Each structure stands twice: as C-alpha cells, then as structure tokens.
Amino acid sequence: MISPTVRFAPSPTGYLHIGNARTALMNYLYARRNGGRFILRFDDTDTGRSRRDYADAIVEDLAWLGVEPDLVVRQSERGDLYDAAAQRLRAVDRLYACYETPEELDRKRKRQLARHLPPVYDRAARRLTADERADLEAEGRRPHWRFLLEEREVAWDDLCRGPQHFAAGSLSDPVLIRGDGSYLYTFTSIVDDADLGVTHVIRGEDHVANTAVQIEIFEALGHKPPAFGHHNLLTATGGEGLSKRTGSLSLRSLREEGYEAMAVASLAVLIGSSEAVVPANSLEELGERIGLDKLSRSPATFDPAELKGLNHRQLAEMPYSAVSARLDAMGIGGGERFWLAVRPNLELLADAEAWWARIEGPVEAVADPEDRQFLAEAADLLPRAPWDGDVYETWIAAVKEATGRKGKGLFRPIRLALTGLEQGPELKAMLPLIGREKAIRRLTGRA
Ligand code: GLU
C-alpha cells in the first residue's frame, strides 16, 4: 500500500470532546501504523462561529493526547483553490446558478409533498433563459450554486462498514455556494482532500449520507475519490449524541479534572470495538490494538465512570519514570518507593497528594483507648535504624509474638495510628516512608 494521507477536520467552534478524540485518533493511529501523514484541517469557513482561540485549543488538546499533526491547514486561507475548483465545475456544466428564495423552495417542497412526490429540487433553474436570468439579477437576486448530480448508484467499500451503495439520483442537487458567495463544507472538503492528496477519509458515521454526493464531486473534478471509513459514534450515557457544547466531556475539562491522556485516548478508541477496554501505555501500543475493522456497527456509550476505572488501572501500572516530573511539580517527595507504594490506590494522580500528606504528617492520632497500651508496646518494638526492606515484616512478627494479637485486632489499630485512616496503601510500603521517628510519635499518640 502507498503510504496513506489522512486528515482530521474539526470546525473550530468549540472545544474537542471525547467523540472528536475518537475521530482524531482513528485517523492518527491509522497514519502512524501505516507510515503515513496526518493533516489537521480547520473547517473554518463559517466566520461567524469559527474562532482562532478554539483552533489553538484544538491543537493543544490534540498535543495532550499525543497527536502531533504533520501539517495544519485552514480553509479560511484557501479561498482561491475553491474559486478555481468552482470554475472547473462550471466549465463541465456540473455547477449551475439558482435564484429561488428559501420561501419559494419551501413552497415547491410543499406542493411536491401534497402530490406525494419526493421533495427533491426540480432543477427549474437549469431551464431559465439568459434573459430570465438577467431579469432576476436585475431584481437584485444573487445566485446560489447547485451541483448537478448524476442519476446513478454510487458505491464504495467502507473501511468500517463494508460495501455501501447509494442512489444519488434520489437526492436534491446540493448547494455548494451560497448566495453570499460562501462555500459549503461538502465542497471545500473535497477540494482540500484532493489538493492535499488525502487517501483515506476516516470520520464519524454521521457523514455516511454525504459520501455519495462527495464521491460524485470528486469525480466531476477529475479526481479519484479517496477510500472512506465511517466509524461508529459515541453517545453520552443518556443516549444523546456528544457535541462541542457538552462542555463536561470536553478533552479540556477531562484534562483539568486530572485524567491521564492515555486513559482518555484508550477509552475514546477502544469502546465500541471488539478489543477489551484496557489502558494502553502509548499511542503506538493503542495503534497496534485497534483497527477500523474492529469497530462495532452500533453507537458506543461513553461512561465517565468507566474512565475513572481506566484511569485507576493506568496509574496502577505506571512506572515511576513516567510520572516523576509531575510528582516533583506537585511538591511530592519519596521517589520511586513512594510511587510504588501509593499507585494502586489512586483514581487520579492528584490523589497522590493526600497520601504524601499522610506520610509527611501531621496525622491526627486515631486510637481507641483500649489500644493505647498495645500501640505503645508496638512502638517499643520498632526495629532500630537503619531500616531495610523487611522492616515491616520483622516488626509485625515481633508485635504479634509480644502481644498475642493477630488479624484485625493487630492491623487495624496500627494502620489507624500510623495513617489516621482505616484503609490505604500497604503498610509494608508506607512504614519505611513514614520513618521511625514519626512512626513512634504516631503510635504513642504524640503525632
Ligand atoms: N468539519 C467536518 C465535521 O467536523 C468534517 C467532516 C469530514 O471529516 O469530512 O464534521
């Protein structure tokens, strides 16, 4: 296979959400796996809604996921290309001027429906004479431009959905240029895909219905259409679709809440596939696991609770080297020993702060009065420095023997005194971090 070129084409009208991340990653992983190129294209021709700060945020959020584009283009800077392509379509009589107002079109549709006809544009504008057109323009009407569809069946072999076919003749000729001269997405997208040599269009299945028309436009412009793959969409737990307005599911807010990028990426890609939803350690590993052929055909539900679980699993296996800089930045010491001790107990990395505070102290001494004597005895039995790796086992064995306590009666008061909590990371790992001096103070109630 020649090396593929793919693109992710958001309109910068909001922050990316996890569903957009799915599309971006499906493209990026496809390119990386096959030694190809990944283009980030901003569909920003809607100048009213597109914003530069959203575009910048999209670049930043993708970088957080590890997605680095090979090229970034903006449709707002490519007007000449669209003008030239429109000229080419006019030259082959596939783009024609129409003058109907929205109200006139609406009346036509109603008449068709009343006669039980499909509400398809009747191409009346193609029958206008030059004089009639001149009259309409003299009235001040500005034309919008429609693409003349060929009435044929368009077929493609979808990378996700298998063979597809669509009778393009059953559709209205799509408007490609509005009355104010601005272009519609379906046109600019094709001009760009052709110009940038996009070989694979991988996008959400909400675009399946556009594909037949787009294939016809590629061909009318003299280009071989790219391959298409329409992946299943993610929905929120209530079943509704995700949109850039669903702020709480934006990548930005997930990042701010402290989720790991790889947990988010793993979930965004693996839900709704035949692969197990377990976190990958790198995009490379994720790319090896997922393929477009592994996606299910029905929508997948994004459940924030599942992300929590995945984040926990990710942290529980994360090597110290992957996290040390962030722990330093959080003012957490203790090095690798601390990390290995607490990582099974974290949902978010920020939870490490609370464990570090438990180690550093002060910890409010918690002891039942009837355990005080026992704890004082235990304190006396703490091995002398220096402590080696087995200090906890040695100590507990001595406490057991001296006090005759075992099980909950032994471990609970010790954990409570040392950490102030009923539960937490293994004491075997915590004790050396707390250190002898603090341990004695806590056990004897002088914390
Ligand atoms: N801007 C379009 C969207 O966000 C791109 C669709 C496509 O990938 O062709 O839906």
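In each ligand, atom 1 is the first atom listed, and ligand 1 is the first ligand listed. Worth saying up front: this structure is predicted, and the values here are computed from it rather than measured.
- Using cut-offs of 30° and 60° on the angle between ring planes, the pair F218 and H223 is perpendicular.
- K438 contributes no side-chain N or O that, together with a main-chain N or O of V363, makes up a donor-acceptor pair within less than 3.5 Å.
- For atom 3 (C) of ligand 1, the nearest non-hydrogen atom from the set R7, Q214, H207 belongs to H207.
- The backbone N or O of P119 lies less than 3.5 Å from no partner atom in the side chain of R109, so there is not a single donor-acceptor pair.
- Within the listing of ligand 1, atoms 1 (N), 2 (C), 3 (C), 4 (O), 5 (C) sit less than 4.0 angstrom from a heavy atom of A9.
- Near D43, with a cut-off below 4.0 Å to any heavy atom, the atoms of ligand 1 are 1 (N), 2 (C), 5 (C).
- Polar contact check, S11 against ligand 1: no nitrogen or oxygen pair lies under 3.5 Å apart.
- Salt bridge status for D180 with R178: absent, with no side-chain N to carboxylate O gap under 4.0 Å.
- At least one N or O atom of Y185 sits closer than 3.5 Å to an N or O atom of ligand 1.
- Counting heavy atoms from C-beta outward, L427 and T419 have side chains that approach closer than 4.5 Å.
- When non-hydrogen atoms are compared, ligand 1 lies under 4.0 Å from neither the backbone nor the side chain of F8.
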(request) Given side chain to side chain contact (heavy atoms under 4.5 Å, CB included), test L315 with E347 step by step and report yes or no. (result) CA-CA 8 Å; L315 291 170; E347 205 163 69; over 6 Å; no

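- The atoms of ligand 1 that sit less than 4.0 Å from any heavy atom of R203 are 7 (C), 8 (O), 9 (O).
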